[in-house]
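Got a structure for you, written out below as structure tokens; questions coming shortly.
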There are 2 protein chains.
Amino acid sequence: MGLAKTEMFTDEQNKIALFAKVFGHPARVSILQHLFKINACVCGDLVNEIGLAQPTISQHLKELKHLGLIKGSVEGTSVCYCIDTDNWAKMKRVMLQFLDQDVSKTECC
Amino acid sequence: MGLAKTEMFTDEQNKIALFAKVFGHPARVSILQHLFKINACVCGDLVNEIGLAQPTISQHLKELKHLGLIKGSVEGTSVCYCIDTDNWAKMKRVMLQFLDQDVSKTECC
DNA sequence: TTTATTCATTGCAATATTACGATTAAGTAT
DNA sequence: ATACTTAATCGTAATATTGCAATGAATAAA
């Protein structure tokens, strides 16, 4: 099918999965790391930075923007992207809660 | 294509993407949360707990096992699953480093 | 006004993912 | 041995993802 049966899961589970999914491609990881590293708007050079074709990068940026993790503002002919810090923080809280579940000492298997 | 060009990214970026990808489906999120919640080996009842068919659950478990996040041990006719705490901790370190990148005050866009 | 430049969108091919019925494998019980 | 239980695997259909060439839209430069 290729189609997740989201209706049988909680909103939280679906949200975690959506965030994780967008991190599930190295190009998007790389884009985000670059945006963090230069800590400013990046106008265009993402295509040079990462080795993928321009439409491919554009598509990855669209997905990141769709989830609200980055913002883009038009600046003449180019577009400036940067991390949406508020939404990043919100996402982080959700993911941390999932990752920080801790197993008590009880070893079983 | 549907095929990520992993060779143009760092090992770290690929590793983050691999972990994130496995969390990118609510069924696997749900399985992991359940394993954490009951904090013991789960023998079988995941199929009842989650509403998917047995082969589907088995396939998701396989992916989680393949990444080392869970272990399964045969117990008679059934199989007991639980979190692999060591590997979970390792994964957590990698993901936290990615999520905790912090944007300094510089607001741009 | 033409010509670049920059980025989004469209369309498409290749591959991956998700889900499940049917089957198999392996252990248990009768 | 036979029947039952549990879980993995196989095969397959439906859908999603990835990547890029071609094209389009919008601004800037000549």
Side-chain angles (χ1 to χ4, degrees), chain A residues 1-9 13-14 16-31 34-35 41-67 70-82 109, chain B residues 1-9 13-14 17-32 34-35 41-67 70-82 109:
Chain A
M1 309 234 152
L3 171 61
K5 294 196 156 179
T6 57
E7 74 279 3
M8 44 184 25
F9 302 102
Q13 287 163 344
N14 283 313
I16 293 170
L18 277 181
F19 283 132
K21 204 171 185 178
V22 90
F23 298 144
H25 194 293
R28 292 188 290 262
V29 169
S30 175
I31 288 172
H34 188 66
L35 290 181
C41 283
V42 138
C43 297
D45 49 41
L46 280 168
V47 176
N48 306 321
E49 195 67 25
I50 304 171
L52 296 168
Q54 180 266 323
T56 308
I57 298 290
S58 191
Q59 197 174 310
H60 286 307
L61 288 169
K62 191 178 175 184
E63 290 175 64
L64 290 168
K65 200 156 63 177
H66 184 250
L67 267 189
I70 64 174
K71 319 186 253 194
S73 62
V74 181
E75 200 92 6
T77 74
S78 57
V79 179
C80 287
Y81 287 104
C82 63
C109 308
Chain B
M1 308 233 154
L3 172 60
K5 293 198 155 179
T6 57
E7 73 280 3
M8 44 183 27
F9 302 102
Q13 287 163 343
N14 283 314
L18 277 181
F19 283 132
K21 203 171 187 180
V22 90
F23 298 144
H25 193 292
R28 290 188 292 262
V29 170
S30 174
I31 288 173
L32 290 166
H34 187 66
L35 290 181
C41 283
V42 140
C43 296
D45 49 42
L46 282 167
V47 175
N48 305 321
E49 195 68 26
I50 304 171
L52 296 168
Q54 179 266 322
T56 308
I57 298 291
S58 191
Q59 197 173 310
H60 286 308
L61 287 169
K62 190 178 173 183
E63 290 174 65
L64 290 169
K65 201 155 64 176
H66 183 249
L67 267 188
I70 65 175
K71 318 186 256 195
S73 62
V74 180
E75 200 91 5
T77 73
S78 56
V79 179
C80 288
Y81 288 104
C82 63
C109 305

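Note that the structure is a prediction, hence the values are computed from the model and not measured. All chains are named by letter (A, B, ...) in the order of the sequence lines, taking the proteins before the strands, and each is independently numbered beginning at 1.
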Heavy-atom donor-acceptor pair, R28(B) side chain to F23(B) backbone, under 3.5 Å: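 Between the backbone of F23(B) and the side chain of R28(B) there is no qualifying donor-acceptor contact (under 3.5 Å).
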Sugar-phosphate, base or nothing in reach of I57(B), heavy atoms under 4.0 Å: nothing
side-chain contact (heavy atoms from CB on, under 4.5 Å) assessment of H34(B) paired with D45(B): CA-CA 10 Å; H34(B) 187 66; D45(B) 49 42; 3.9 Å; yes
dA19(C) OP1/OP2 closer than 4.0 Å to side-chain N/O of T56(B):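 So the side chain of T56(B) is outside the cut-off, no N or O lying under 4.0 Å from OP1 or OP2 of dA19(C).
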Earlier contact from the 5' end, DNA chain D, for L61(B) and H60(A):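 Per heavy-atom nearest nucleotide, the more 5' residue is L61(B).
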Closest non-hydrogen atom pair, L35(B) against Y81(B): CD2-O, 3.6 Å
Closest to side chain of K62(B), choosing from dC7(C), dT9(D), dA7(D):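 Closest of the options to the side chain of K62(B): dT9(D).
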Validation row: T56(B), I50(B) side chains within 4.5 angstrom (heavy atoms):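 Answer no - side chains too far apart.
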Given DNA chain C, 5'-ward residue of the pair K65(A) and Q59(A), judged by closest heavy atom: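 The 5'-side residue here is K65(A).
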Beyond-backbone contact of V22(B) with L18(B), side-chain heavy atoms, under 4.5 angstrom: no
Whole angstrom value for the distance that separates C1' of dT17(D) from CD of E63(A):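 Between C1' of dT17(D) and CD of E63(A): 8 Å.
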Shortest non-hydrogen separation from G51(A) to M8(B) and the atoms involved: O-CE, 3.5 Å
Positions of residues 17-28 of chain B (non-hydrogen atom under 4.0 Å from DNA chain C), listed by number: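 K21(B), H25(B), R28(B) - these, ordered by number, are the residues of the stretch whose heavy atoms sit under 4.0 Å from the strand.
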Nearest-angstrom distance from the residue atom NZ of K5(A) to C1' of dA13(D):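 To the nearest whole Å, that distance equals 14 Å.
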Most 5' of S58(A) and T6(A) on DNA chain C, judged by nearest nucleotide: S58(A)
Test item: L52(A) and V47(A) side chains (from C-beta on) under 4.5 Å apart, heavy atoms: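 No, every pair of side-chain atoms sits at 4.5 Å or beyond.
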Mutual orientation of the aromatic rings belonging to F9(B) and H25(A) [parallel < 30°, tilted 30-60°, perpendicular > 60°]: perpendicular
Annotated protein contacts, base or backbone, on nucleotides 23-30 of chain C with a non-hydrogen cut-off under 4.0 Å, one of B, S, - each: ----BS--
Residue mapping more 5' on DNA chain D - nearest nucleotide basis, P55(A) or L3(A): L3(A)
Value in whole Å for how far the C1' atom of dC7(C) lies from CG of L46(A): 12 Å
Nearest-Å distance for atom pair CG/C1', residues D45(A) and dC7(C):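 In whole Å, dC7(C) C1' lies 13 Å from D45(A) CG.
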Working for side-chain contact (heavy atoms from CB on, under 4.5 Å), residues V29(A) and N14(B): CA-CA 8 Å; V29(A) 169; N14(B) 283 314; over 6 Å; no
